[in-house]
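Following: one structure in structure tokens, then a few remarks.
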Amino acid sequence: MTSPPDSFLDIDDEVTVEVEDVAHGGHMVARHAGQVIFVRHAIPGEEVRVRITERSKSFLRADTVEVLTPAEIRVDAPCRHAGVCGGCDFQHISEQGQLRLLGRVLSEQLRRIAHEEWTVQVETIGGFLGWRTRMDWAIDVAGVPGLRRHRSHDLVNRPQCLIAHRDLPDTEGTWSGSHVRTVATSSGQQFLVAEGPLPDRDFGQIDGIVDSAGNPMWGEGTAIEMVHGRSFEVSPTGFWQVHPRAAETLVTAVLQYAEPRAGETVIDLYSGVGLFSRFLAEAVGESGRVHAVEGSKKAHHFAKRNLQDMPWATAHQGSVEKVLQGRKLPLKADVIVADPPRRGAKEAIRFMAQRQARRIVHIACDPASLARDVNLYREHGYQLKKLRAFALFPMTHHIECVALFEPTKSGRS
């Protein structure tokens, strides 16, 4: 019996497909009767039976229900919630297999969007389980915390999450609001971020509880993170790398590519709480200058505190694009570091290039936006020279890149 045409495939229909490749975003690509299907929990090269879960005009989504021909890199998922919880994409893939697939995604995006050929060896920075030091738990109508199911508002209540760090505080009790965050810092602190009245329970071992704005509700309100022996103040509600080795890994990679020299001028864009700025300021010394630019008022507040013993490092608050166009920053810089959000630095690159830096170090957490930005740097006189990629979020499709750009031989804009 032949398969029905794709127009008859609907939600909950099942079909057998050959998995072709990995797609950006954690899904695998298959086809049936000319229709693209994005499949979860499959691996390229496998023959799988899938169930259609969503339908759009241009593609279908599906879940794997049976593996007919398993790939060599397939393993048994360690977590009993794998396939249900929306947090992990690759628990069914070996560690080396995950790294290879992440590299394929990055290489494909650079080839397709930036028209550049790069063979990327994705680096691991530690164990694939027990690494996440900040966890956001959704709360159901009964006040029970849990993690959302894939593409759903439904929860897996109080799962034993295997990527959660062992030092995270527990979420026992009945909670108010829509979510609660648990935090474990590299200095040994524990924090909770909560909404509304707190559960009736003992919080004696927790360092602090803050509300969603970062205001203390109980105990301390400032988290301390340690990186290469330096301490950084940060809000439990603010951004900080969630893998315990991520911050040190990125600082090392950025300094390796930036090669800051004594007396140089450095601009650090999307600088957060001043993580890179502090180490860059140490490198250029008192005869140099570092300008840190951050849009978040909260992060800027902590950046000033983290840089307060370095008067040659100045923290600026405001839109990166607007600050670059204003008069606060020098017209020329020796080195620029940019760590933009997932959407990339599309609106800032031309203003960065005008500073005629000898090196631009760009940190990216999205392969597609990085590839697009590679094109923009090229248009403004900078060429991608080196690239490192890190699996900072093991078991997921996320990848972090550190890219070095240098002026092209034809000059800079």
Side-chain angles (χ1 to χ4, degrees), residues 1-114 117-120 122 128 148-152 154 366-369 371 389 391 393-399:
M1 180 177 179
T2 59
S3 298
D6 69 281
S7 59
F8 289 95
L9 283 180
D10 207 342
I11 307 300
D12 291 331
D13 283 350
E14 295 188 5
V15 64
T16 298
V17 295
E18 297 280 349
V19 183
E20 299 175 5
D21 207 347
V22 58
H24 176 42
H27 291 77
M28 306 298 162
V29 180
R31 300 175 195 275
H32 175 73
Q35 181 78 67
V36 172
I37 307 177
F38 291 114
V39 183
R40 295 181 73 223
H41 310 301
I43 301 174
E46 292 185 331
E47 182 181 30
V48 295
R49 187 82 179 165
V50 302
R51 178 181 296 116
I52 306 301
T53 58
E54 294 183 39
R55 183 181 177 88
S56 73
K57 292 182 179 179
S58 56
F59 62 85
L60 303 170
R61 294 187 186 274
D63 284 345
T64 300
V65 295
E66 184 182 4
V67 179
L68 303 175
T69 308
E72 291 184 2
I73 59 175
R74 176 173 285 277
V75 298
D76 292 332
C79 178
R80 64 188 180 91
H81 302 295
V84 178
C85 172
C88 293
D89 311 292
F90 293 156
Q91 288 213 10
H92 62 292
I93 304 173
S94 70
E95 294 181 5
Q96 287 302 312
Q98 292 183 40
L99 299 179
R100 290 202 298 269
L101 289 183
L102 291 174
R104 282 169 63 172
V105 169
L106 178 57
S107 296
E108 191 275 335
Q109 294 294 305
L110 289 170
R111 182 184 308 110
R112 184 175 63 85
I113 299 174
E117 294 291 335
W118 287 82
T119 300
V120 184
V122 178
F128 277 55
R148 296 199 184 280
R149 295 173 181 266
H150 179 69
R151 298 178 67 86
S152 172
D154 296 333
D366 183 84
S369 62
F393 313 92
M395 300 293 187
T396 79
H397 72 273
H398 298 289
I399 184 173

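FYI, the numbering just counts along the sequence from 1. These figures come from a predicted structure and were not determined experimentally.
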Exercise for the section: Taking Ser107 for its side chain and Trp118 for its backbone only, find out whether a donor-acceptor pair lies under 3.5 Å. Expected result: yes

Exercise for the section: Say whether, by atom type as modelled, one donor and one acceptor occur between the side chain of Glu46 and the main chain of Ala71 under 3.5 angstrom. Expected result: yes

Exercise for the section: Please work out whether the ring planes of Phe38 and His27 are parallel, tilted or perpendicular, with thresholds of 30° and 60°. Expected result: perpendicular

Practice task
Consider only side-chain N and O atoms of Arg49 and Thr16, and report whether a donor and an acceptor are under 3.5 Å apart.
Solution key: yes

Completion exercise
So CZ of Arg55 and CD1 of Ile37: to nearest 0.5 Å the spacing works out to 10.0 Å

Exercise for the section: Would you mind checking if Asp154 and Arg149 are paired as a salt bridge, meaning a charged N to carboxylate O distance below 4.0 Å? Expected result: no

Exercise for the section: Return yes if some donor-acceptor pair links the side-chain N/O of Gln98 with the main-chain N/O of Phe90 below 3.5 Å, else return no. Expected result: yes

Practice task
Would you check if the side chain of Gln91 reaches a backbone N or O of Cys79 as a donor-acceptor pair within less than 3.5 Å?
Solution key: yes

Practice task
Rounded to the nearest 0.5 Å, what's the gap from CE on Met28 to CD on Glu20? Could you check?
Solution key: 13.0 Å

Problem - Ile43 and Val19, any side-chain heavy atoms less than 4.5 Å apart - result: no

Exercise for the section: Examine distances only and state if a side-chain atom of Thr64 and a backbone atom of Arg40 form a donor-acceptor pair shorter than 3.5 Å. Expected result: yes

Exercise for the section: Would you please test His398 and Asp366 for side-chain hydrogen bond (donor to acceptor under 3.5 Å, both in side chains) and show each step? Expected result: CA-CA 7 Å; His398 298 289; Asp366 183 84; over 6 Å; no

Practice task
Kindly say whether Ala42 contributes a backbone atom to a donor-acceptor pair with the side chain of His92 at under 3.5 angstrom?
Solution key: yes

Problem - Listed partners of Gln96 passing side-chain hydrogen bond (donor to acceptor under 3.5 Å, both in side chains), at least two apart - result: none

Exercise for the section: Could you list all the salt bridge (charged side-chain N to carboxylate O under 4.0 Å, His left out) pairs where at least one residue sits in residues 76-98, not counting sequence neighbours? Expected result: none

Fill in the blank from the handout: Tested for side chain to side chain contact (heavy atoms under 4.5 Å, CB included) against Ile93, the lone hit among Leu101, Val75, Val22 is Leu101

